[in-house]
2 protein chains.
Amino acid sequence: MANIRDIARLTGYSVSTVSRVINNNPYVSEEKRRKILAVMEEVNYIPNYTARALSVGKTKNIGVILPFVNHPYFDRLLSGITTAAFARGYKVTLLATNYDPQVEEAYLQEFAAKSFDALIITSRANPIETLLPYRSYGRIVFCENISYLTDGCTYIDREESIKEVFTYFKEQGIQKIGVTLGRSRKLSSNSKITVRLAHDYFSTFSEDLIFWDCLTEEDGKEAAAYFADKGVEAIFTNGDHVAAGIQSQAPGEWLVIGRDNLYISELLQLSTIDHHLQACGETAVQLAVMEKSGNYRMPYEFIKR
Amino acid sequence: MANIRDIARLTGYSVSTVSRVINNNPYVSEEKRRKILAVMEEVNYIPNYTARALSVGKTKNIGVILPFVNHPYFDRLLSGITTAAFARGYKVTLLATNYDPQVEEAYLQEFAAKSFDALIITSRANPIETLLPYRSYGRIVFCENISYLTDGCTYIDREESIKEVFTYFKEQGIQKIGVTLGRSRKLSSNSKITVRLAHDYFSTFSEDLIFWDCLTEEDGKEAAAYFADKGVEAIFTNGDHVAAGIQSQAPGEWLVIGRDNLYISELLQLSTIDHHLQACGETAVQLAVMEKSGNYRMPYEFIKR
DNA sequence: TTGTACGCGTTATCAA
DNA sequence: TTGATAACGCGTACAA
């Protein structure tokens with residue numbers, strides 16, 4: 001593997017001149033440029049990416065912390081992130097945590113070690129206090145509404161969308177609802193908001209009307225069994241695929257509402273909230289590369305069917 | 001940001017000793033190790049990842065070339081890849097091409113520039129001849145059966161699974177079928193195999209019984225319209241989500257068969273092929289990190305419903 | 001327009 | 001068990 005010094009030696013010019021050719025610096029005579037390019041071609045020279053990154057101090061790489069892929073919520077978000085990152089010449093590296101706090105911290109350490117130019121946290125496994133100090137190492141974007149931050153947050157409008165759904169429930173005369181959620185309210189802002197609003201809107205609501213750890217369609221089926229004897233009239237789910245799992249077990253049993261506006265909800269004629277996750281991912285990248293600053297709440301659509 | 005030399009200066013020991021502490025090298029006296037660790041802690045020192053990568057010549061990073069995310073096929077594959085990579089201490093960076101050959105080559109150049117320890121090509125935009133030379137820069141794994149390679153390929157068993165489906169069609173007395181495909185047969189081995197076998201099994205088959213560029217559920221709906229007057233009895237699709245799109249437009253009109261074994265196919269009671277994409281992704285990583293060698297064809301399941 | 005020399009932050013070799 | 005020093009490969013002030 002030839003390096004820049006080899007090219008310098010082979011052409012008889014200096015390392016800097018070769019570097020200028022590599023970087024399209026105009027201050028190189030045409031003749032030398034041609035010759036240098038010829039030699040580079042001949043020995044199949046390719047500048048080392050890591051060395052450049054070290055020298056310049058930038059990697060053109062954005063790290064994305066998420067629990068896992070192959071889940072509608074994160075895949076949508078990721079789609080927006082990759083699209084936007086790509087358009088700006090950034091690559092995206094996946095940092096899967098499976099919600100393990102230790103693993104997440106290891107990634108934060110890597111970020112601190114300058115592995116990525118920026119970090120996007122789509123969902124976290126540690127308390128926010130653990131993460132905040134790492135902001136001194138570079139840009140960290142949160143896909144979550146962190147109240148005491150005025151910059152670097154982009155989030156879907158859970159607060160308003162859920163209120164609209166719950167108001168809709170009331171209009172339909174519904175008194176008692178169940179909800180499905182992904183994980184304990186400790187860290188998930190979605191869980192926190194959902195539970196709070198459920199209590200606000202429904203005096204009948206209680207902790208045993210929550211079906212936790214609900215991630216997949218299969219989990220949705222189990223949720224259906226769980227709610228069978230709970231006397232709820234409607235179920236507010238944490239995803240269309242979950243809603244579909246529930247609906248498949250007991251069609252028409254409850255007013256089931258999903259999220260994400262997946263095709264499956266159209267197919268089953270289930271109402272759903274489109275939280276514009278794709279746009280959220282794109283905004284996250286804009287924040288990550290400092291193209292934008294501030295906090296951004298995405299608009300949403302409640303699709304009634 | 002303190003560096004290793006700062007730590008050396010601050011502790012009064014040499015850079016090498018500090019490096020040994022960082023890397024848990026046993027040849028350091030306990031007293032020095034303690035003191036060095038204390039100072040590292042105090043000034044919040046974190047070894048620079050890029051510098052280590054440059055020095056060692058490895059990045060612990062696997063690049064994955066794919067057209068886009070948020071598509072069942074690639075999301076499944078990616079899920080297997082991230083899981084397996086994670087378990088082995090590798091990170092995964094997404095290299096989205098959107099099927100642009102130029103972009104793909106740019107990624108290959110980055111690979112040649114030592115940006116990744118290995119490359120996994122899940123789908124390509126260039127002819128195989130363009131890619132092969134890059135194997136001299138490091139490990140490249142193809143998720144595709146490349147006949148004249150005896151190593152570094154892992155692929156789903158399209159040949160046999162499609163034969164089984166087509167045989168099943170014949171058993172059902174079906175004489176004329178339509179197929180949906182993602183993109184031109186030039187580069188997609190799936191398209192190539194499907195078209196070849198369709199001709200082999202069905203004398204009635206012709207090019208106008210192919211609905212191309214079929215990627216999403218919405219495309220599936222268009223496919224349904226396309227096949228409305230083609231007189232086909234069955235449609236072999238390139239994905240359960242596409243199959244669902246077709247089925248939604250004209251339930252029971254055709255015998256529709258999907259692929260990927262998504263939940264939606266269970267819901268609609270559509271037959272499907274489970275190609276074990278997750279396992280394919282995991283195997284790709286094992287090949288990438290040289291834990292395995294050779295070619296691997298994944299087993300499949302034809303799920304009749 | 002060109003070249004020298006140093007910085008980027010580590011790891012590895014070798015001598016002590 | 002330690003430390004000096006040379007890689008690793010590139011970018012870039014600075015001087016010429």
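Quick note on labels: first sequence line is chain A, next is B, and so on, each numbered from 1.
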**Complete:** Heavy-atom contacts, protein to nucleotides 5-11 of chain D, under 4.0 Å, summarised as B (base), S (sugar-phosphate only) or - (none) per nt, yield B--BBBS
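For the pair B:E30 CD and D:dT1 C1', the computed distance is 13 Å after rounding to whole Å. Spacing between atom NZ of A:K58 and atom P of D:dT12 amounts to 12 Å, rounded to whole angstrom units. Remark: P of D:dG3 and CD1 of B:I7 are 15 Å apart, rounded to the nearest angstrom.
Between A:K192 and A:K186, the closest side-chain pair of non-hydrogen atoms is not below 4.5 Å. Side-chain contact between B:I140 and B:F111: present, with at least one pair of heavy atoms (C-beta onward) separated by less than 4.5 Å. Proximity of A:C153 to A:V141: side-chain heavy atoms (C-beta onward) are nowhere separated by under 4.5 Å.
Comment: B:R33 engages B:E30 in a salt bridge, judged by a side-chain N to carboxylate O separation of less than 4.0 angstrom.
Residue contacts shown for A:K32 are limited to sugar-phosphate atoms, with no base heavy atom under 4.0 Å away.
Side chain of A:N145 to main chain of A:Y155: no donor-acceptor pair is present (N/O by atom type, distance under 3.5 Å, no hydrogens or angles).
Rounded to the nearest 0.5 Å, atoms CG (A:L78) and CG (B:N70) are 8.5 Å apart.
Mapping heavy-atom proximity under 4.0 Å, the span of DNA chain C touched by chain A runs 5' to 3' from C:dT1 to C:dG9.
Ring geometry for B:F68 versus B:H71: interplanar angle of 30 to 60°, hence tilted.
Under the salt bridge (Lys or Arg N to Asp or Glu O under 4.0 Å) criterion, B:D6 pairs with B:R9, sequence neighbours left out.
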